[in-house]
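Everything on this sheet refers to the single structure shown next.
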Amino acid sequence: MNSDSDLQIAGDILEVPHLLQTPREHPATVAEFVGLARSIADDRSRWEHLVRYDAASRWYHRLRTGPGYEVWLLTWVPGQGSGPHDHGASSGVLTVLDGTLTERTERGTRALRAGAQRVFAPGYVHEVVNDALEPAVSLHVYYPGLTEMPMHTAQHCEARTLPGAVTA
């Protein structure tokens with residue numbers, strides 16, 4: 001069988017765009033939102049020049065929006081924290097870009113170092129704090145976009161170390 005004739009029958013796959021799935025412009029699944037967060041995290045030129053630190057409160061900047069979602073950049077100086085909260089009806093992906101953050105939940109405490117990602121569903125109660133001696137930077141993707149952040153009591157985030165978790 002002649003490979004030239006195979007190409008004549010099937011055509012060049014690169015020349016048949018109608019057979020290829022078009023890439024989505026915006027994420028639609030949990031895996032795609034995680035991938036979006038990872039791609040932004042890996043491209044420091046997209047966010048590093050925006051980073052600012054504020055000793056009085058956490059600094060934040062909306063990096064991107066899409067149909068129903070938002071991407072936020074946050075900074076945390078040592079000692080700053082979110083307080084125990086959930087994200088209302090929003091699901092999310094938290095990615096640590098620089099430094100180390102501590103996440104506390106009713107299930108325990110875990111240290112999140114640069115590169116770590118956490119995915120959460122609506123109603124997930126946690127507290128995030130910079131317990132380290134160096135500033136930290138994080139990226140947050142919310143779907144749908146964040147419209148509320150109900151605060152909770154500290155008992156929702158009692159500090160127990162999760163088995164196998166690395167502590168700060």
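Values below: every heavy atom of this structure, side chains too, minus hydrogens, waters and symmetry copies.
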Quick one, [X] and [Y] - any side-chain contact, counting heavy atoms below 4.5 Å?
X: V71; Y: L36; value: yes
X: L139; Y: L63; value: yes
X: H85; Y: P150; value: no
X: E103; Y: L101; value: no
X: V119; Y: V34; value: yes
X: D131; Y: T100; value: no
X: L94; Y: S138; value: yes
X: D86; Y: H152; value: yes

Assess whether side-chain contact (heavy atoms from CB on, under 4.5 Å) is satisfied between T95 and V93, documenting all intermediate values.
CA-CA 6 Å; T95 304; V93 180; 3.9 Å; yes
Do other residues, nucleotides or ligands put more than 12 heavy atoms under 6.0 Å from the OH atom of Y142?
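Counting neighbours around OH of Y142, more than 12 heavy atoms of other residues, nucleotides or ligands fall under 6.0 Å, so yes.
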Taking OH in Y53 as the centre, count heavy atoms belonging to other residues, nucleotides or ligands within less than 6.0 Å. Is the count above 12?
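Result for OH/Y53: enclosed.
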Closest contact, heavy atoms only, [X] versus [Y]:
X: V77; Y: A55; answer: CG2-CA, 4.3 Å
X: A37; Y: Q117; answer: CB-NE2, 3.6 Å
X: A121; Y: S91; answer: CA-OG, 3.9 Å

Report the C-alpha separation of F120 and H87 in whole Å, then their side-chain angles, then the decisive distance to 0.1 Å, and conclude whether the side-chain contact (heavy atoms from CB on, under 4.5 Å) test is met.
CA-CA 9 Å; F120 52 87; H87 303 95; 3.0 Å; yes
When the ring planes of H126 and Y124 are compared, do they come out parallel, tilted or perpendicular, using 30° and 60° as the limits?
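Correct class here is tilted.
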For F33 and Y69, take the angle between the two ring planes, folded into 0 to 90°, and tell me which bin it lands in: parallel under 30, tilted 30 to 60, perpendicular over 60.
perpendicular
Okay, side chain of [X], backbone of [Y]: is any donor-acceptor separation there less than 3.5 Å?
X: S90; Y: P144; result: yes
X: E32; Y: A28; result: yes
X: W76; Y: V137; result: no
X: Q80; Y: W59; result: no
X: T102; Y: N130; result: no

[X] bridged to [Y] by N-O distance under 4.0 Å:
X: R38; Y: D43; value: no
X: D98; Y: R113; value: no
X: R64; Y: E70; value: no

Residue pair L73, L97: steps toward the side-chain contact (heavy atoms from CB on, under 4.5 Å) verdict
CA-CA 9 Å; L73 183 67; L97 303 176; 3.5 Å; yes
Evaluate the criterion side-chain contact (heavy atoms from CB on, under 4.5 Å) for residue pair T75 and D54; output intermediate values, then yes/no.
CA-CA 8 Å; T75 63; D54 185 335; 5.9 Å; no
Just how far is it from atom NE2 of H140 to atom CG of L146, taken to the nearest 0.5 Å?
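So the gap between those two atoms works out to 10.5 Å.
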Report yes or no: do V141 and Y60 belong to one cluster of Ile/Leu/Val/Met/Phe/Trp/Tyr joined by side chain heavy-atom distances under 4.5 Å?
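Each belongs to a different hydrophobic cluster.
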